[in-house]
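FYI, the numbering just counts along the sequence from 1.
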Amino acid sequence: MIDFFVGLGLSKTQAGDLNLFLMMLVCSLVLIFLVKKNKVVAFAFSVYVAYFLTRLSYFELTATYIGKITVFLFLAFLIHYALLAPLVSVKLGRGNLLRWLKRIIIALTVVGLMTTVILDWLPTKEVVKLLSPFTLKLFTTKVAKLIWGVLPLLAIALLRKKEN
């Protein structure tokens, strides 16, 4: 897809940025349908646990970045479906459009967190070739990692329906 955007006249880094953001948006929408509407919050917690477990693992498979990413994604979905989905359900309020908007915001923050994690594991020279300096700062600096790490929790806290 990057070649397509380059063919339209964008530079390689602009095409990489656009490709990354389009993939994040598509992944967010797919995530909402894949993990069910009310279970997006459970998946957010699954991502945190999967990241923690992947960082702690010393298996041969996690020695490469492809292995880490595969284990991370596998664990996120396994933990979600096996443990958290039956237990965690957060109501996001009434109103169809508003509820969908809240789900999309939470899913985008979760996908942003996952993007930060995955970009951190990719070889630096490959990432630098594809993304602009702004996007690299947006996802790979220490401050950005902290912000993306807190953002899903903040979104959940602010967007969930308050119980009376």
Side-chain angles (χ1 to χ4, degrees), residues 1-35 39-59 61-80 84 90 92 100-160:
M1 185 179 275
I2 292 176
D3 293 333
F4 172 75
F5 292 132
V6 169
L8 292 176
L10 295 175
S11 71
K12 192 161 186 156
T13 57
Q14 290 172 333
D17 291 350
L18 184 58
N19 188 45
L20 177 69
F21 291 119
L22 286 175
M23 284 186 60
M24 286 178 62
L25 184 60
V26 168
C27 287
S28 298
L29 293 174
V30 168
L31 179 66
I32 290 170
F33 291 107
L34 199 59
V35 299
K39 303 297 182 177
V40 173
V41 173
F43 187 76
F45 294 125
S46 299
V47 168
Y48 287 108
V49 174
Y51 175 68
F52 177 73
L53 292 174
T54 305
R55 293 287 298 198
L56 287 179
S57 70
Y58 294 106
F59 298 114
L61 183 60
T62 60
T64 65
Y65 69 92
I66 293 174
K68 279 184 186 177
I69 294 168
T70 304
V71 169
F72 170 64
L73 294 174
F74 175 76
L75 282 175
F77 282 99
L78 178 71
I79 292 166
H80 171 73
L84 295 180
V90 174
L92 296 175
W100 271 100
L101 184 62
K102 288 178 179 181
R103 288 179 190 138
I104 290 170
I105 290 170
I106 292 171
L108 273 171
T109 60
V110 171
V111 170
L113 170 63
M114 294 172 73
T115 302
T116 300
V117 167
I118 291 170
L119 286 176
D120 188 42
W121 289 334
L122 290 176
T124 306
K125 67 180 183 178
E126 296 299 321
V127 174
V128 170
K129 281 191 229 176
L130 293 177
L131 300 175
S132 69
F134 173 74
T135 304
L136 287 172
K137 285 181 185 176
L138 190 63
F139 289 103
T140 61
T141 63
K142 288 183 180 186
V143 173
K145 290 176 190 177
L146 175 66
I147 291 170
W148 282 109
V150 173
L151 207 54
L153 298 174
L154 188 62
I156 291 166
L158 294 175
L159 297 176
R160 69 181 169 82

Query raised in the report: Is there side-chain contact between D17 and F134, with at least one heavy-atom pair below 4.5 Å?
Result: no
Query raised in the report: Do L119 and L131 touch side chain to side chain, with heavy atoms closer than 4.5 Å?
Result: yes
Requested in this report: Enter the distance from T13:OG1 to L20:CG here, rounded to the nearest 0.5 Å.
Outcome: 12.5 Å
Query raised in the report: In terms of the angle between their ring planes, are F43 and H80 parallel, tilted or perpendicular, with boundaries placed at 30° and 60°?
Result: perpendicular
Query raised in the report: After noting the C-alpha distance and the side-chain angles of V110 and F45, does the key distance pass the side chain to side chain contact (heavy atoms under 4.5 Å, CB included) rule?
Result: CA-CA 9 Å; V110 171; F45 294 125; over 6 Å; no
Requested in this report: Return the set of residues passing salt bridge (charged side-chain N to carboxylate O under 4.0 Å, His left out) with K137 (not counting sequence neighbours), or none when no residue passes.
Outcome: none
Requested in this report: Please round to the nearest 0.5 Å and tell me the distance separating atom CG of L113 and atom CD1 of I147.
Outcome: 12.5 Å
Query - F21 atom CZ, neighbour heavy-atom count above 12 within 6.0 Å - result: yes
Requested in this report: Go through the steps to decide whether Y48 and W148 satisfy the test ring pair (Phe, Tyr, Trp, His ring centres under 6.0 Å), and finish with yes or no.
Outcome: CA-CA 11 Å; Y48 287 108; W148 282 109; over 10 Å; no
Query raised in the report: Roughly how far apart are W100 CH2 and I105 CD1, rounded to 0.5 Å?
Result: 13.5 Å
Report task. Mind checking the NZ-CD1 spacing from K102 to I156? Nearest 0.5 Å is all I need. Result -> 13.0 Å
Report summary line: What one should report as the nearest heavy-atom pair of K129 and K12 is O-CG, 4.3 Å
Query - Side-chain touch V49/L75, heavy atoms, less than 4.5 angstrom - result: no
Requested in this report: Please report the shortest heavy-atom distance between A76 and S46, naming the atom on each side.
Outcome: O-CB, 3.3 Å
Query raised in the report: What pairs of residues pass the side-chain hydrogen bond (donor to acceptor under 3.5 Å, both in side chains) test when at least one of them lies in residues 107-124, not counting sequence neighbours?
Result: D120-K145
Requested in this report: Please tell me if the side chains of L53 and I79 come closer than 4.5 Å, counting only heavy atoms from C-beta onward.
Outcome: yes
**Report entry** Distance (rounded to the nearest 0.5 Å) between L108 CG and I32 CD1
**Finding:** 7.5 Å
Report summary line: Hits for ring-ring contact (aromatic ring centres under 6.0 Å, His included) against F5, two or more places apart or cross-chain, chain-then-number order -> none
Report task. Search all heavy atoms of L73 against all heavy atoms of M114 and return the closest pair with its distance. Result -> CD2-CE, 3.3 Å
Report summary line: Between the CZ atom in F77 and the CZ atom in F72, the distance rounded to the nearest 0.5 Å is 9.5 Å
